Amino acid sequence: MAHTLASAAPARPPATKDNAAQKLLRVIEAVSNPGDTHRLSDLVTETGLAKTSVFRLLSELSASGYVSRRPDGSYAPGRALRLLALKLTAASDDSDLIGVRLRRLQDDVHNTIHFALRTGDFATYVEKIEDTTPIQIASRVGGQIPLHSTAIGKAILANLPESEVRDYATRNGLRTRTEFTITDVAALLADGRLVRNRGFAIDDQENEEHIRCMAVPVFDAQQNLVGGIGITTIAPLVPREKLESHAPLLMTAARDLTTLL
């Protein structure tokens with residue numbers, strides 16, 4: 001019986017066209033190719049796909065954060081794609097240059113260091129260098145954090161256009177995390193101006209009680225905002241003045257990361 005059924009079924013002809021997954025991968029590869037500008041016409045030429053197909057795939061990739069559309073209409077790898085690349089290329093030993101630089105920062109400040117990339121309306125931890133004290137910070141690589149109530153998140157928001165910050169607040173609401181959380185968009189925008197003026201953001205128990213953090217934005221080599229790095233402390237143990245004294249070290253580390261991204 002099985003033999004009869006198998007014989008009766010016509011053999012499928014070999015595929016001559018890319019399936020949906022292959023088309024998607026071709027667009028991702030084209031966007032990831034070296035070069036500052038990837039316009040729609042360039043990507044159509046590079047992929048060999050129809051213009052309507054390329055535009056549709058770019059729209060889907062943009063919506064999920066894998067591709068970003070620049071103000072001039074060109075396309076570039078998005079934050080989610082950069083995060084994926086970082087996960088794949090980051091080594092677990094001292095050959096990981098980003099990790100080496102962050103460990104050097106941790107040696108200088110003796111507190112927990114986080115590096116996070118913006119992934120849509122959140123930031124996602126991609127590196128964590130633990131403090132050596134017995135009290136550990138409850139965070140993990142891969143964990144997502146809100147933007148409005150964390151130092152890294154506020155460093156990111158401060159470097160976005162005001163319209164994007166307002167859109168973020170509308171989409172997500174400024175959820176109360178502690179009694180110190182900023183829950184008003186006007187106050188959040190004012191905080192962003194302060195961050196830009198002094199160069200760093202502070203989360204003074206705004207996301208978690210007893211946790212105080214300082215962070216600065218991180219840009220890639222093309223000066224695209226990609227995320228932030230921060231120092232996390234136990235508030236009762238580290239005075240705010242002590243934390244803020246580390247700002248020059250943190251800013252220098254952020255500039256060094258730019259050369260590695």
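Quick caveat, the model's predicted, so the values are computed rather than measured. Below, all heavy atoms of this structure are taken into account, side chains as well, without hydrogens, waters or symmetry copies.
Gly199 and Val216 make their closest contact through O-CG1, 3.4 Å (heavy atoms, listed as atom of the first residue, atom of the second, distance). Across Ala201 and Ala151, no two heavy atoms sit closer than the pair CB-O, 3.4 Å. Closest approach of Ile152 and Gly228 over heavy atoms only: CD1-O, 3.7 Å. Residues Pro217 and Ala254 come closest through the heavy atom pair O-CB, 3.7 Å.
Using a 4.5 Å heavy-atom threshold, the side chains of Val126 and Ile98 count as separate. Two residues are said to be in side-chain contact when any heavy atoms from C-beta on lie closer than 4.5 Å; Asp204 and Arg240 meet this criterion. Leu61 is listed as a side-chain neighbour of Leu24, based on a closest heavy-atom distance under 4.5 Å. Ile145 places a side-chain heavy atom less than 4.5 Å from the side chain of Tyr125. Looking only at side-chain heavy atoms (C-beta outward), Arg39 and Leu43 stay at 4.5 Å or farther from each other. The shortest side-chain heavy-atom distance between Ile234 and Val238 does not fall under the 4.5 Å cut-off. Annotation: side chain of Arg118 is not in contact with side chain of Val226 (no heavy-atom distance under 4.5 Å). Side-chain contact between Val185 and Arg166: present, with at least one pair of heavy atoms (C-beta onward) separated by less than 4.5 Å.
Judged by distance alone, with hydrogens and angles left aside, the side-chain atoms of Asn197 form a donor-acceptor pair with the main-chain N or O of Arg193 at under 3.5 Å. Judged by distance alone, the side chain of Arg70 and the main-chain N or O of Ala76 form no donor-acceptor pair under 3.5 Å. Side chain of Glu164 to backbone of Pro161: no donor-acceptor contact under 3.5 angstrom is found. Put simply, the side chain of Gln205 gets close to the backbone of His210: a donor and an acceptor are under 3.5 Å apart. No donor-acceptor pair closer than 3.5 Å links the side chain of Lys154 to the backbone N or O of Asp191. The backbone N or O of Ala158 sits less than 3.5 Å from a side-chain atom of Arg196, completing a donor-acceptor pair. Here the side chain of Lys128 pairs a donor or acceptor atom with the backbone of Ile137 at under 3.5 angstrom. Not one N or O on the side chain of Tyr66 forms a donor-acceptor pair closer than 3.5 Å with the backbone of Leu58. Here the side chain of Lys51 pairs no donor or acceptor atom with the backbone of Ser41 at under 3.5 angstrom.
Every residue meeting the salt bridge (Lys or Arg N to Asp or Glu O under 4.0 Å) condition with Arg104, not counting sequence neighbours, appears here in chain and number order: Asp256. Contacts of Arg56 classified as salt bridge (Lys or Arg N to Asp or Glu O under 4.0 Å), with partners at least two apart in sequence or in another chain: Glu60. Applying the ring pair (Phe, Tyr, Trp, His ring centres under 6.0 Å) rule to His148 yields no partners; only residues at least two apart in sequence or on another chain are considered. Remark: Asp121 engages Arg171, Asn172 in a side chain to side chain donor-acceptor pair (under 3.5 Å) (not counting sequence neighbours). Here Thr252 pairs with Arg255 under the side chain to side chain donor-acceptor pair (under 3.5 Å) rule; sequence neighbours left out.
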**OP:** Test ring-ring contact (aromatic ring centres under 6.0 Å, His included) on Tyr75 and His38 and set out the steps.
**Re:** CA-CA 5 Å; Tyr75 294 87; His38 295 288; 9.3 Å; no
Subject >> CA sep, side-chain torsions, deciding dist, call: Ile129, Thr112, side-chain contact (heavy atoms from CB on, under 4.5 Å) >> reply: CA-CA 6 Å; Ile129 311 298; Thr112 297; over 6 Å; no
**OP:** Apply the test side-chain contact (heavy atoms from CB on, under 4.5 Å) to residues Thr258 and Asp220: give CA-CA distance (whole Å), side-chain angles for both, the deciding distance (0.1 Å), then the verdict.
**Re:** CA-CA 5 Å; Thr258 292; Asp220 65 14; 5.9 Å; no
Subject >> From CA spacing to verdict: side-chain contact (heavy atoms from CB on, under 4.5 Å), Glu206, Thr150 >> reply: CA-CA 7 Å; Glu206 296 165 43; Thr150 60; over 6 Å; no
Subject >> Working for side-chain contact (heavy atoms from CB on, under 4.5 Å), residues Leu157 and Leu160 >> reply: CA-CA 5 Å; Leu157 289 177; Leu160 296 178; 4.0 Å; yes
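Criterion: ILVMFWY side-chain heavy atoms under 4.5 Å apart, direct or through other members. Under it, Leu249 and Val218 are part of a common hydrophobic cluster. No continuous path of hydrophobic side-chain contacts links Leu25 to Val31 [ILVMFWY only; heavy atoms under 4.5 Å]. Cluster membership check: Leu260 shares its hydrophobic cluster with Phe115, using side-chain heavy-atom separations under 4.5 Å among Ile, Leu, Val, Met, Phe, Trp and Tyr. Linking Ile, Leu, Val, Met, Phe, Trp and Tyr residues whenever their side-chain heavy atoms come within less than 4.5 Å leaves Leu174 and Val195 in two separate clusters. Residue Leu189 is grouped with residue Leu147 when hydrophobic side chains (ILVMFWY) are merged at heavy-atom distances under 4.5 angstrom, including chains of intermediate members.
To the nearest 0.5 angstrom, Asn224 atom CG is 12.5 Å from Asn159 atom CG. Interatomic distance, CG of Leu188 versus OG of Ser149, reported as 10.0 Å (0.5 Å rounding). Ser59 OG to Arg69 CZ: the interatomic distance, rounded to the nearest 0.5 Å, is 8.5 Å. Note that CD1 of Ile28 is 12.0 Å distant from CG of Asn33, once rounded to the nearest 0.5 Å. For the atom pair Glu208 CD and Phe180 CZ, the distance stands at 14.0 Å (nearest 0.5 Å). Here the straight-line distance linking atom OG of Ser68 with atom CG of Leu81 works out to 9.5 Å at 0.5 Å rounding.
No hydrogens or angles considered: nothing links the side chains of Gln106 and Asn111 as a donor-acceptor pair under 3.5 Å. For the 3.5 Å distance criterion, the side chains of Lys23 and Ser53 fail to qualify, holding no donor opposite an acceptor.
Sorted by first then second residue, the side chain to side chain donor-acceptor pair (under 3.5 Å) pairs that include residues 174-187, not counting sequence neighbours, are Arg177-Asn207.
With a 6.0 Å radius and a threshold of 12 heavy atoms from other residues, nucleotides or ligands, Phe55 has its CZ atom at or below the threshold.
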